[in-house]
Every structure is written in C-alpha cells, then in structure tokens.
Colleague: 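Take this structure first; my questions come after.
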There are 2 protein chains.
Amino acid sequence: MISKKCKYAIKALLYLADHQSDERSVFSSEIAEKENIPKKFLETILRELRNFKLLQSQRGKTGGYRLIKNPDDIYLSELIRMVDGPIAMLPCVSLNYYASCEECDEENCEIKTVFEKVRDRTLEVLTTTSISSMKNKV
Amino acid sequence: MISKKCKYAIKALLYLADHQSDERSVFSSEIAEKENIPKKFLETILRELRNFKLLQSQRGKTGGYRLIKNPDDIYLSELIRMVDGPIAMLPCVSLNYYASCEECDEENCEIKTVFEKVRDRTLEVLTTTSISSMKNKV
DNA sequence: ATAATTCCTATCAACTTTATAGGAATTAAA
DNA sequence: TTTAATTCCTATAAAGTTGATAGGAATTAT
C-alpha cells in the first residue's frame, strides 16, 4: 500500500499539471479544497516536493506553487520513492533502499527471486507512467 | 513491503515442505531455531496458518505441525493475503480487500488505472508462485 | 507424575501514519 | 505603512500497526 500522504502528493501534482500556467501559481489551500486533502498536511507535503525540486514556491499574497519539472518527466516510481521510500516488497530486493535481512543467508535465500520478479513487473509500470500520462486513462 | 510476520510465515512453510513426512511433524521450536524466527512469535503465526487450514497441529510431547495442503497448491498470493491482507497498492483497487476512497470521485479517478496495472502485474507473479515452486530458483 | 509440546489471552514497546497547533517570514496591495 | 494572505518551520500528538513477550492452560507420550 502507498500511504495517504503519497496519494495526496500524486493528486496535488495532477492538479498542478492541470491548473498552473506561466502566469499562475496555485495556492495549497485551493488544492486542498478541490482535492479534499487536509490543508496543513498538504502544506508539509508540498514543501517536501519542493525540497525534492519537483516544485517551486512563492510566498506572500500572490504566492503559491508550480511545477518545475515537466509533468511528462515526473514518473510515479520516483514520486513514490520520494514520499514513501522503497517500492519493493522486501528490503533485500530494493534497488534504491536496499537493506540486508539479518536472519537470512542471502546467497541461498529461496524467497528473494519471486520478489525480484514482482519488483521488476511493478517497476515496468511505475517507471513508464508519468503525471501527464495519468491524464489519459486507457 | 510485506511484514516480517509474512516473511516468517513463508519461511516456515518452506521449512515444513522440506522437513515433514508422513511419520514426522515438526516442532515450532525447531523451525524457530533453524530459520532464526522468534519462538513465541512463530507460535502465533503457525496457529494462524492452522486456522486458515494450511496446517495441522498436534499437541503433546510428540506433537508439532505439518502441512495439510500440498505445497504445490499453496500460492504466495493467498498466503500474503492471509497474513498481511491486501496486495494492491491502493484500497480502491484491491480485489480481496476493496475499500472506497472517501475523498475521491472514483468514477473519474485518474490514479486508479495505473495501480490496477501494477496489481495485475504483481498478481501474475504471485498467483503462479507456489511454496514448492520457490524451491527451484530460476 | 513428568516433561514437552501446542494453545490462548493479554500486554507492550517502538515505530509509523496522519495529521494539527501556533506562529514566523514574506509579499502584494489598499 | 498597515493589512491580509500566503508559504515556511518546528513541535506535538493521537491513533494505528508491527513485532514481539509473558504467563500460564490444555494436551499427550513416556
């Protein structure tokens, strides 16, 4: 399961992709209201996404957020990793957040292989799905 | 991520598949020791698996556990569901543990589709991998 | 009787998740 | 220069989940 936080992040980016323009940043309060996301929680999420250089923010009365990266180039795999961390179902098969299994003999592990397959299948989808491609529900 | 509990369950079933026989049940303490699983924790896991009719148990001095189901017929998908619950990355795309998203308009949801794809790819692996097939690491 | 097992309930510490509170800093505009 | 609206930041916290452990009861072969 992805966290609610991650789902909120996806929704926020989708909303931004639709509603921003060169002239217009978008208030977090607007996103929160339209997407039914708790206001203060969304603020912290947007700040994180800004720290990851996905967003640009502007303070003050005419402030708000806008995308820095082209939504064509924001892939779900990287977004999930930023917000939730590992995608794999086992720490020892994670590509970006590898952690060894203390109780295992990893050389002779019988359960790694299947979760490597799951990881690869999952990534086939997530690394080819961008924020903009999610708009075309096929 | 699957839980440690789930990983322990997989290991326990793999161990049973290898070490049981018609004459021999296996003690939980033996599995715990050989697989480095906390003893008391494993007891509760094995009891759950028994309740799910995967295992049979016998009390007393010559007691222990053995598989009821053929390990050819125990698929990872069902095991994970028994121990951890849903496999899908979103409640609203879960086949066995569906839950609606309160804050979403599910008809027009832009994020469901991709997670349905992930679910299907994941299940392609997990529904075709049995305890016995995990022995042949290919 | 004894010893070894499974069975059962309750408990619990640590961690994670999902937020909220309370304000500070910034900015445009009245 | 004041006001109002925003982002930014830190701290806190309630609720839920995870990963166990405690303490014994019931069962069974010897």
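Numbers restart at 1 for each chain; the letters A, B, ... are given by sequence-line order, proteins then strands.
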Colleague: Under 4.0 Å from any atom of DNA chain C, heavy atoms only: list the residues of residues 46-55 of chain B that qualify, in numerical order.
Modeller: B/Arg47, B/Arg50

Colleague: What does the B/S/- profile of nucleotides 22-30 of chain D look like, 5' to 3', with a 4.0 Å heavy-atom cutoff to protein?
Modeller: BBB-BBBS-

Colleague: Is there a side-chain contact between A/Tyr8 and the phosphate of C/dT17, meaning an N or O under 4.0 Å from OP1 or OP2?
Modeller: no

Colleague: Could you tell me how far apart B/Leu42 (CG) and C/dC7 (C1') are, to the nearest whole angstrom?
Modeller: 14 Å

Colleague: Using a cut-off of 4.0 Å on non-hydrogen atoms, how would the nucleic acid contact of A/Lys5 be classed: base, sugar-phosphate, or nothing?
Modeller: sugar-phosphate

Colleague: Take the protein atom CZ of B/Arg66 and the nucleotide atom P of C/dT5, then report the distance between them rounded to whole Å.
Modeller: 16 Å

Colleague: Kindly indicate, with the supporting measurements, whether the criterion side chain to side chain contact (heavy atoms under 4.5 Å, CB included) is fulfilled by B/Tyr97 and B/Asp84.
Modeller: CA-CA 11 Å; B/Tyr97 294 86; B/Asp84 277 354; over 6 Å; no

Colleague: Using whole Å, report how far CG of B/Asp84 lies from C1' of D/dG19.
Modeller: 12 Å

Colleague: When the distance from NZ of B/Lys4 to P of C/dC15 is rounded to whole Å, what number comes out?
Modeller: 12 Å

Colleague: If only side-chain N and O atoms of B/Ser28 are considered, is one of them under 4.0 Å from the OP1 or OP2 phosphate oxygen of C/dT6?
Modeller: yes

Colleague: Whether the B/Ser132 and B/Asp72 side chains hold a donor-acceptor pair (N or O, under 3.5 Å, no angle test) is what I'd like checked.
Modeller: yes

Colleague: Checking all strands, does A/Phe27 fall into the base, sugar-phosphate, or nothing category for heavy-atom contacts under 4.0 angstrom?
Modeller: sugar-phosphate

